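Numbers restart at 1 for each chain; the letters A, B, ... are given by sequence-line order, proteins then strands. All values below come from the heavy atoms of this structure, side chains included, with hydrogens, waters and symmetry mates left out. No experiment lies behind these values; they were computed from the predicted model shown.
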Amino acid sequence: MSVRVRFAPSPTGFLHIGGLRTALYNYLFARHHGGQFILRIEDTDQERTVPGAVENIIEMLSWAGLEFDEGPHVGGPYGPYVQSQRLELYRQQAQVLLERGAAYYAFDTPEELERMRARQRAAGVAPKYDRFSMRNSFTLPEDEVRRLLAEGAPAVVRLAVPLDRTVSFTDIIRGAITVSARDLDDQVLLKSDGFPTYHLANVVDDHFMRITHVIRGEEWIPSTPKHVLLYEAFGWEMPQFAHLPLLLNPDRSKLSKRHGDVAVEDFRRQGYFPEALVNFVALLGWNPTADRELFSLPELVASFELERVNRAAAIVDRAKLDWMNAQYLRMLPLERLARELQPWLREAGYPEYPLEYLQRVIALLRERVTRLPEILTFGDYMFAPPRHYDWEYLRKYWRPELPEWLRQLLGELESVEPFTAEIIGQRVRSFIEARGATLRAIVHPLRLILTGKSVGAGMFETMEVLGKSECLRRLHSFLEEQLPVLQAQLE
RNA sequence: GGCGCAUUCGUCUAGUGGUUAGGACACCGCCCUCUCAAGGCGGAAACAGGGGUUCGACUCCCCUAUGCGCUACCA
């Protein structure tokens, strides 16, 4: 049978990197085995559903390069892929359970349930639905149950967990997991608003959508035995389970916004490459070899093995993501980078520049930044003349003869042809040697004048990209406007 | 509290009874150098603790500790 897996988020907010990793592992597993990767929206909680969340999830996954074979946005033979559109199916299946005695009606109000829990807390016992003291099919006479239902009294359907037995399943990543049914709650399956809970909807959908492997977060381990019970009650073949280790904040707490950005969208907005983010999260909890860090999506697909997924939770380390992104920044083709830089340039309010120029700028600066848009701040002088100068830096290299040298150098540079780093370098070197000074004595002031900064790429390379006329213009205007101010300050 | 899952350098990890416990990020040092990076070379850095099993445990079993998860008419 062909592998079919699903990513089944509930649309309660933006897709975060934990969700991205779950989706990714499902995707990798499906593609590795030539199976199907399905998106299913689990919107059974009306209260928590947020508008736009589905769109965000789909958009982010698509940005990351994960394409679905079936889902609400692409259709498929087992739809609809949104749970709120499958209510009738869940109702029918709940009925099946009811008829088989695997489930029962309960009529307790929220207040009654709260009192029950309070009693249990006071008695020091684990909070758990007490089938025999509450108002349900077990305690109420049959005709009373019928009457309540006929009256339309608020009712839920609960799972009738067997009283004394053991429930176990095999997890691909963790091996055998066994729990006592005594520790399982009579979970609500169908809520009084007619919506199913996760447990019912999930099992029913996985069955009817022919899901073969359930790959999801570790937080689902405790409810899996209930799902096992449901499969048994329905008489359905069980999928295989694989529970992924959690992703954690640096302080080992569950991943959250408090510790910085966790939404995939945040990373995109900051200019991380999808390739880098995918590569990064793929290696959080799984490693194909350990002697290599950089993998393309097809390479990940080729080597992915669920059996090799780790059991322990992983802390998200931004520094490593930064390193990885910087690696991609250095190896991605310049044509693409130039194209991607354009929107950032526009956003920052800079004029349009030819792609060819952007490529040269990126080639010059990319190994000095970690994210593409940083080119705009690190190398702002490539797009506009410097407005602020690092005066401290110039002061360090100041000498009385400097103004004169600069004037002479201006004339010297005018005759440099072609204006390439090599020729510029030769001329500047011989210029400064003739005056018995070191190269740094002139390069640093020059850098300050042309870029406004103390750091940057090689000076001569920078000048070449900037172009002769721009260099001369900046040098000239510095001598005319800034230098007198500086000299006044120095005296 | 109950139940469950987990535990190799600060972090991500390799390792499946015999290794000088390997790699990567971050950190430190040196080299290169017009600055900053990048790059090269080197350094520091780990098997949670205790019992077993075994000729031999990071590897297998048990206990403890710690962390995390679940304990809803949320997923």
Looking at [X] and [Y], does any basic side-chain N land under 4.0 Å from a carboxylate oxygen?
X         : Y         : answer
Asp390(A) : Lys453(A) : no
Glu218(A) : Arg174(A) : yes
Arg48(A)  : Glu42(A)  : no
Arg121(A) : Glu114(A) : yes

Compare the minimum distances between each of [options] and the side chain of [X], then state the nucleotide with the smallest one.
X         : options                : result
Glu293(A) : U11(B), C3(B), G23(B)  : G23(B)
Ser192(A) : C3(B), U13(B), C73(B)  : C73(B)
Tyr198(A) : A75(B), U35(B), C5(B)  : A75(B)
Arg429(A) : C34(B), G2(B), G4(B)   : C34(B)
Asp185(A) : A24(B), A72(B), C34(B) : A72(B)
Met459(A) : C34(B), U71(B), U7(B)  : C34(B)
Arg308(A) : C68(B), A6(B), G15(B)  : G15(B)
Leu246(A) : A75(B), C68(B), U35(B) : C68(B)
Val455(A) : C36(B), G69(B), C73(B) : C36(B)
Lys254(A) : C70(B), A26(B), U71(B) : C70(B)

Would you say the base of [N] and the side-chain of [X] have a donor-acceptor pair closer than 3.5 Å?
X         : N      : result
Ser223(A) : C70(B) : no
Arg368(A) : C36(B) : yes
Lys320(A) : A26(B) : no
Arg447(A) : C34(B) : yes

For [X] and [N], is the shortest distance between a side-chain N/O and OP1 or OP2 below 4.0 Å?
X         : N      : answer
Lys191(A) : C74(B) : yes
Lys226(A) : C3(B)  : no
Arg174(A) : U7(B)  : no
Asn310(A) : A6(B)  : no
Thr197(A) : C74(B) : no
Arg117(A) : G2(B)  : no
Arg158(A) : C73(B) : yes

Mark yes when over 12 heavy atoms from residues, nucleotides or ligands other than Glu47(A) sit less than 6.0 Å from its CD; otherwise mark no. no
Using both distances under 3.5 Å as the test, list the Watson-Crick or G-U wobble partner of [N], or none.
N      : answer
C34(B) : none
U20(B) : none
U66(B) : A6(B)
U59(B) : none

Which residues share a side chain to side chain contact (heavy atoms under 4.5 Å, CB included) with Gln120(A), sequence neighbours left out: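 Expected list: Met116(A), Arg117(A), Val125(A), Pro127(A), Asp130(A).
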Take atom CG of Leu365(A) and atom P of U35(B), then tell me their distance rounded to the nearest Å.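 Whole-Å distance recorded here is 17 Å.
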May I ask you to check if Arg40(A) and Tyr81(A) form a cation-pi contact, with NZ or CZ under 6.0 angstrom from the six-membered ring centre and within 45° of the axis?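 The answer is no; the distance or angle limit is not met.
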At under 4.0 Å between heavy atoms, what does Val188(A) touch on the DNA or RNA strands: base, sugar-phosphate, or nothing?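 The residue Val188(A) makes sugar-phosphate contact but no base contact.
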